[in-house]
Amino acid sequence: MSADTNVRPSALDSAQAAGSGFDRAALIRMLIVVSGMFMITLDFFVVNVAIPSTRADLHASAAAVEFIVSGFSLAYAASMLTAGRLGDLYGRRRMFACGMVLFTLASLVAGMAPSAGVLMAARVVQGVGAAVMTPQMLAILNTAFTGEQRVRAFTAFALSMGVGATFGQLIGGALIHLDIAGLGWRTIFLINVPIGVTSLPLMRSFIPESRGGGRPELDLIGALLGSAGLLAIVFPLVEGREQGWPAWSWVCLAAALPLLGAFAVRQHRLERQDRAPLISLTLFRERAFSVGIVIILGFFAAMASFMLVLALYLQDGHGLSALGSGAVFGALGIGYVPAAFAAPKLAVRLGRQVLTLGALVVAAGYGLLIVTAAEIGVTGPSAWMMPGLFVAGAGMALFANPVTPTVLAAVSPHHAAAAAGVLSTAQEGGNALGVAAIGVVFFGVLGHGHSGSYAHAFEWSVAVLAAFTVAAAVLVQALPKASAQA
């Protein structure tokens, strides 16, 4: 019998007895998972708002500031694959709780950091905690809910990501502006503490434990090879451009291919020996999974880098404050939220083509933003950006909401956490790739020009991102229809 059946029947029965709705236990279970994803997404996007005040308060160097931003992403990407397998081996609820403890404690340390060095270390631990949590949350949604409940749970999960990403700038700007108890930028980290402290005691009562099948062993060599390979890609992409692409960045990128190749060979060998690979390569035999990973990589590359260039255009080009920039960003969230609720019904009606619709709506929003930026430059009213942002936000929800269940639908339950780890790694890798690629375009067009050049840099960057989203819409056609309907 697969260890995935090792769940408490009373917890699942009470949740599923509610049919298409949620009873109290299922609702709390969903809220615990959703709050974890909200913290992670918010922390990823909100830190940029606090950089000016953080640098002044802690007397941080430029290199330290870069690592405060990138340390989270580096640790997140490097730890993700191993974290997924840990959930399969030792229990998804247990590892979710461990990740929550790490993330909450690191947030407390970050919020009280007396120096830039302490904050840098806390950000790395936050990234590890986030990596441990993320695949477990996706696996819990995929195994602890069924039918309509699963659809609603994934809707709430996608909504938490969208709210954290699209309202992150506004939330961060508001917290810094309010200066609660004189804490200033520290509140963007300390806000995670009460969420973590509230969620942890509820996990044992409301989240059923589940594990993956197979032999109970962890491939440590594979974990090192996989993490090193991912780090060799993400680190130079995050830091290389800032330092003018030094020789070490190209050496790292060149080393990534043999490292990941060795990782794949080892996983294949372990699978043939009927041992326990870190990732079962049979996952990639499912067309929905393998094609979906490429789609996620491209779409999230466009989404994360769009947030970056929009922040640069609004704050450095238009000269808006963190709060003012966040208010403009809020139009993304206003478009995202209603579309997130509509996405499941559209997915039932359109199947996989809801992803096509979402990607094309995002591209339309980007097109509207290009026209607007050309018209207002950096001196016109920034509020004119809001209609285009509203359209782009709606498209993001129509894509981001159904894409995870579509990709995971064809995955065997005992590989759920490992598959979710690969999916999340693709998303994080897409973030890093997109930021690096669009950073080259944006700063290349910007050059050493005056503030007016920010409008042209924004226009060219968003044009490239629109092409990314159209490519994602084309790739959706390669997904099998059955999995999208599932």
Stepwise, does the side chain to side chain contact (heavy atoms under 4.5 Å, CB included) test hold for Val46 with Ile191? CA-CA 12 Å; Val46 78; Ile191 194 176; over 6 Å; no
Would you say the side chain of [Y] lies within less than 4.5 Å of the side chain of [X], judging by non-hydrogen atoms?
| X | Y | value |
| --- | --- | --- |
| Arg152 | Phe145 | no |
| Met37 | Leu138 | no |
| Trp250 | Pro236 | no |
| Ile376 | Met385 | yes |
| Gln477 | Gln353 | yes |
| Phe442 | Tyr454 | yes |
| Leu479 | Ile295 | yes |
| Met100 | Met39 | yes |

Are any side-chain N or O atoms of [X] and backbone N or O atoms of [Y], one a donor and one an acceptor, separated by less than 3.5 Å?
| X | Y | answer |
| --- | --- | --- |
| Thr469 | Ala466 | yes |
| Ser249 | Pro246 | yes |
| Ser305 | Ala302 | yes |
| Arg123 | Phe72 | no |
| Thr187 | Gly184 | yes |
| Gln126 | Ala75 | no |
| Ser160 | Phe157 | yes |

Nearest non-hydrogen partners of [X] and [Y], listed with the distance:
| X | Y | value |
| --- | --- | --- |
| Val337 | Leu159 | CA-CD1, 3.9 Å |
| Ser382 | Leu320 | OG-CD1, 3.7 Å |
| Leu465 | Ile438 | CD2-CG1, 3.4 Å |
| Val354 | Ala343 | CG2-O, 4.3 Å |
| Ser107 | Leu190 | O-CD2, 4.2 Å |
| Val132 | Pro135 | O-CD, 4.0 Å |

If you apply the rule side chain to side chain contact (heavy atoms under 4.5 Å, CB included), what do you find for Phe189 with Leu119, and how did you get there? CA-CA 10 Å; Phe189 299 114; Leu119 182 55; 4.0 Å; yes
Could you measure the distance from the [atom1] atom of [X] to the [atom2] atom of [Y]? Nearest 0.5 Å is fine.
| X | Y | atom1 | atom2 | result |
| --- | --- | --- | --- | --- |
| Leu446 | Leu312 | CG | CG | 8.5 Å |
| Leu170 | Leu323 | CG | CG | 6.5 Å |
| Leu42 | Asn192 | CG | CG | 6.5 Å |
| Met386 | Leu332 | CE | CG | 10.0 Å |
| Lys345 | Arg349 | NZ | CZ | 9.0 Å |
| Ile140 | Met133 | CD1 | CE | 11.0 Å |

Evaluation steps, side chain to side chain contact (heavy atoms under 4.5 Å, CB included), between Leu108 and Thr104: CA-CA 6 Å; Leu108 178 61; Thr104 303; 6.0 Å; no
ring-ring contact (aromatic ring centres under 6.0 Å, His included): pairs with one or both residues in residues 317-372, sequence neighbours excluded: Phe306-Tyr366, Tyr313-His318
Under the side-chain contact (heavy atoms from CB on, under 4.5 Å) rule, collect the residues that match up with Asp57, sequence neighbours excluded. Trp185, Arg186
With a 6.0 Å cut-off (strictly less than), is the heavy-atom count around CH2 of Trp384, excluding the residue itself, greater than 12? no
Qualifying salt bridge (charged side-chain N to carboxylate O under 4.0 Å, His left out) pairs, either residue in residues 356-383, two or more places apart: none
Mind checking whether Phe399 and Phe300 have parallel, tilted or perpendicular rings, split at 30° and 60°? perpendicular
